[in-house]
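Written below as structure tokens is the structure these notes are about.
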Number of protein chains: 2
Amino acid sequence: MANAYLQVIAHYFAKPGNGNGNGNGNAIVEHLTELAAATRAEPKNLYYEFFRSPLEPDHFVILEQYSDAGGLAEHRDTEHFQRLGFGTIVPLLERREVSSHMVPGEAA
Amino acid sequence: MANAYLQVIAHYFAKPGNGNGNGNGNAIVEHLTELAAATRAEPKNLYYEFFRSPLEPDHFVILEQYSDAGGLAEHRDTEHFQRLGFGTIVPLLERREVSSHMVPGEAA
């Protein structure tokens, strides 16, 4: 038996680094680590993990799950997302693509 | 306007390496690179990319999209998945978790 949930798939594309060790990408790892811990403490958050392409290290994927359709909007309103997401990480990005959709629950 | 599609999220957890440079994880990157190229040529495949956790490098995520609900089963039946997936990559894994769900199309 599984309940319905909101699945979020976010693609973050870092601005290319200065050639000195993928600076933006490595900074993003650090900030996402802090954002992940804060997000997992949100009441509607079920899952938050982030990943990086081995072939294109400026390309990150964040997988998030929330217990209802409003969870993502509430996440974006938190102090930690305003500060770490919009304030710190987004300025390091060239672009981002975020999709979200409800996954139906299964019958018991 | 977007058509409905099957979204697949696969988590692959490599067997821990021998301490000598995350051997299984790095081998998996190599094999997934080959599998990705072959999978993108399948008629129903819309997207295939793989990612690795910076914090837990034995944890991989594969994001796949197919144009209908049968696309994943047909992918698993291909020669390249039988050989590279089941034959080569799966034996390097401790476990895997694969979820798939249809994402409804949007009205024009």
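What you are looking at is a predicted structure, and each value in this text was computed from that prediction instead of being measured. Naming convention: chains lettered A, B, ... in sequence-line order (proteins, then strands); numbering from 1 in each chain.
Through direct or indirect side-chain contacts shorter than 4.5 Å among Ile, Leu, Val, Met, Phe, Trp and Tyr, B/F13 is connected to no other residue.
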Between these two chains, chain B and chain A, I want each donor-acceptor atom pair under 3.5 angstrom written on its own line with its distance.
residue, atom, partner, partner atom, Å
B/R52, N, A/R52, O, 2.8
B/R52, O, A/R52, N, 2.8
B/H101, NE2, A/H101, NE2, 2.9

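Counting heavy-atom pairs closer than 4.5 Å to chain A, the top-ranked of the candidates B/V29, B/V61, B/L63 is B/V61.
For B/I9, the part sitting under 4.5 Å from any heavy atom of chain A is the side chain, from C-beta outward, and nothing else.
The CZ atom of B/F51 sits 11.5 Å away from the CD1 atom of A/I62 when rounded to the nearest 0.5 Å.
Hydrophobic clustering of Ile, Leu, Val, Met, Phe, Trp and Tyr side chains at less than 4.5 Å, counting indirect connections, keeps A/V103 apart from B/M102.
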